[in-house]
Protein chains: 2
Amino acid sequence: MTRALTAKGAATRQRIVAGAAELVRTRGADQVGLDDIRAATATSKSQLFHYFPDGRAELLRAVAAHEAGEVLNDQQPFLDELGPAGTWQAWRDVVVQKYQEQGIHCPLSALTTQLGPADPGIRMIVADLLETWHTRIADGIRRAQGEGLAEPSLEAEKTASSILAAIQGGVVMMQATGNIEFLKVPLDAAIADVEPVAGV
Amino acid sequence: MTRALTAKGAATRQRIVAGAAELVRTRGADQVGLDDIRAATATSKSQLFHYFPDGRAELLRAVAAHEAGEVLNDQQPFLDELGPAGTWQAWRDVVVQKYQEQGIHCPLSALTTQLGPADPGIRMIVADLLETWHTRIADGIRRAQGEGLAEPSLEAEKTASSILAAIQGGVVMMQATGNIEFLKVPLDAAIADVEPVAGV
DNA sequence: ATCGGACTGGACTGCTGAGTCCAGGCTTGT
DNA sequence: ACAAGCCTGGACTCAGCAGTCCAGTCCGAT
């Protein structure tokens, strides 16, 4: 599958993906053409097709995979440390802050709804991301139960679904309304079962 | 704003919007061209521009407004009856069933993330829809409190946000993974505060 | 009946943007 | 040194699609 790539070639490829990802994030996938990517990454048409023989579609899949990785990276190390008291709030703060910074520009939604329907490959990338994300949260819930923080009767998988849905839904609503409260409130409510907040 | 329109003209316009909405829902907005709409609605290019002088953008805004109305209509009469025991489950079932039928094809997400970023007019339509939806749910929560079903201490607005976010997030996850459980579980959890379920 | 304006058909224009091609530059192993 | 082949530049092709134009037809009011 992967071809012989020199260090220089790999760097160029990486530069293309990162540049394209940036554009897709800020403008939306359908507002980004190959010429935009070419200009933004100081490359030429032939380079794009050299590294992505299937053209635009393959490049966007690479962008999707890149962004999916970033979503989880942005939550580290907090995501993997979920469990003990205080870790949920710390993680929540990172997530909220991240999306507040991004504002309208969500790497995931840009890809899921814009290209997902048309490209099964991208749907799979997003599905994998959600599954991984879900698993990490569920692991955190089980650790919280081990610490006696959360009710042992709580079903980790289901609670993780609720928390993750609160984030996804909150982001959707925030994007449409511009109001970050639509992310904060549902997320706080969702994690209340594993880490009750004292104040407000 | 609105021009003189005969009954016939209004019918044609309506046919165009409905037909275009159908296409956008099933294929995604960027996969629908004016020629597709023309073919599907048995109209001509000049008619499209006769009824939507600003072209594709104006037509898609009309589609967005149409779909936004449908989203709420599909939940009626259950949405407006929220409050008493049993009404939450009935409403939940309608919502779940609706999205299960639609599967991948969500009228809202198709428009929000595909066109919303580029078109402020559409963002506003979606924001209005969410606000109305939110208000209706909050009204239901207050009625539930009046009936003694829900804790009086519950903040209606915040709880409504959680419920709505559970739906939006659940739909996003369902679209990506194909698993309807990602909608059911968070939604059930979110409405547990206003209508605890006996079983399960 | 007839006149104005709403309504319709379909050909035409022009642009944008994906994908192609080939000639030439640069690296790397021998 | 010197190939082999990875890498790069940029002009070119070609299809698809939004938007234009005009020559009509139909309807409703006077």
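Because only heavy atoms are used, hydrogens play no part in the values below, and waters and symmetry mates are left out as well, while side chains stay in.
For residues 69-97 of chain A, no residue pair satisfies the ring-ring contact (aromatic ring centres under 6.0 Å, His included) rule, not counting sequence neighbours. Screening residues 80-94 of chain B for salt bridge (Lys or Arg N to Asp or Glu O under 4.0 Å), with sequence neighbours left out, gives B:D80-B:R136, B:R92-B:D188. The list of ring-ring contact (aromatic ring centres under 6.0 Å, His included) pairs with a residue in residues 131-189 of chain B, not counting sequence neighbours, reads A:H134-B:F182, A:F182-B:H134.
Considering only residues two or more places apart in sequence or on other chains, A:V172 meets the side chain to side chain contact (heavy atoms under 4.5 Å, CB included) condition with B:Q168, B:V172. Scored by the side chain to side chain contact (heavy atoms under 4.5 Å, CB included) test, B:S44 finds B:S46, B:Q47 as partners (sequence neighbours excluded). For A:D36, the salt bridge (charged side-chain N to carboxylate O under 4.0 Å, His left out) partners at least two apart in sequence or on another chain are A:R27.
A heavy-atom distance below 4.0 Å to DNA chain C is reached by none of the residues of residues 16-28 of chain B.
The shortest non-hydrogen separation linking B:T87 to B:E195 is N-OE2, 3.7 Å. Heavy atoms only, all atoms of each residue included: A:L164 and B:M173 are closest at CD2-CE, 3.6 Å. The heavy-atom pair separating A:A176 from B:A127 by the smallest distance is O-CB, 3.6 Å. For the pair B:S161 and A:P186, the tightest heavy-atom approach, listed with the atom from each and the gap, is O-CG, 3.7 Å. Counting all heavy atoms, side chain and backbone alike, B:V171 lies closest to B:L183 at N-CD1, 4.2 Å.
For B:T12, a side-chain nitrogen or oxygen approaches OP1 or OP2 of C:dT8 to under 4.0 Å. The side chain of B:Q47 contributes an N or O atom lying less than 4.0 Å from OP1 or OP2 of C:dT8.
When the C1' atom of C:dT20 is taken as reference, atom CG of A:L48 falls 13 Å away, rounded to whole Å. To the nearest angstrom, C1' of D:dC7 lies 12 Å from CZ of A:R15.
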At a cut-off of 3.5 Å, list every protein nitrogen or oxygen paired with a nitrogen or oxygen from nucleotides 24-29 of chain C, distance to 0.1 Å.
none

I'd like a list of close polar pairs between nucleotides 13-16 of chain C and the protein, N/O only, cut-off under 3.5 Å.
none

List, one per line, each side-chain donor-acceptor pair under 3.5 Å for residues 9-21 of chain B, sequence neighbours excluded.
| from | atom 1 | to | atom 2 | distance (Å) |
| --- | --- | --- | --- | --- |
| B:T12 | OG1 | B:K8 | O | 3.1 |
| B:R15 | NE | B:T41 | O | 2.9 |
| B:R15 | NH2 | B:T41 | O | 3.1 |
| B:R15 | NH2 | B:A42 | O | 3.3 |

Which atom pairs, one a donor and one an acceptor, fall under 3.5 Å between side chains of residues 59-71 of chain A and the rest of the protein, sequence neighbours left out?
| from | atom 1 | to | atom 2 | distance (Å) |
| --- | --- | --- | --- | --- |
| A:R61 | NH1 | A:D119 | OD2 | 3.0 |
| A:E67 | OE1 | A:R25 | NH2 | 3.4 |
| A:E67 | OE2 | A:R25 | NE | 2.6 |

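With D:dG9, C:dT8, D:dC6 as the choices, the nucleotide that has an atom nearest any side-chain atom of B:Y51 turns out to be C:dT8.
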**Complete:** Heavy-atom contacts, protein to nucleotides 16-25 of chain D, under 4.0 Å, summarised as B (base), S (sugar-phosphate only) or - (none) per nt, yield --BBBB----
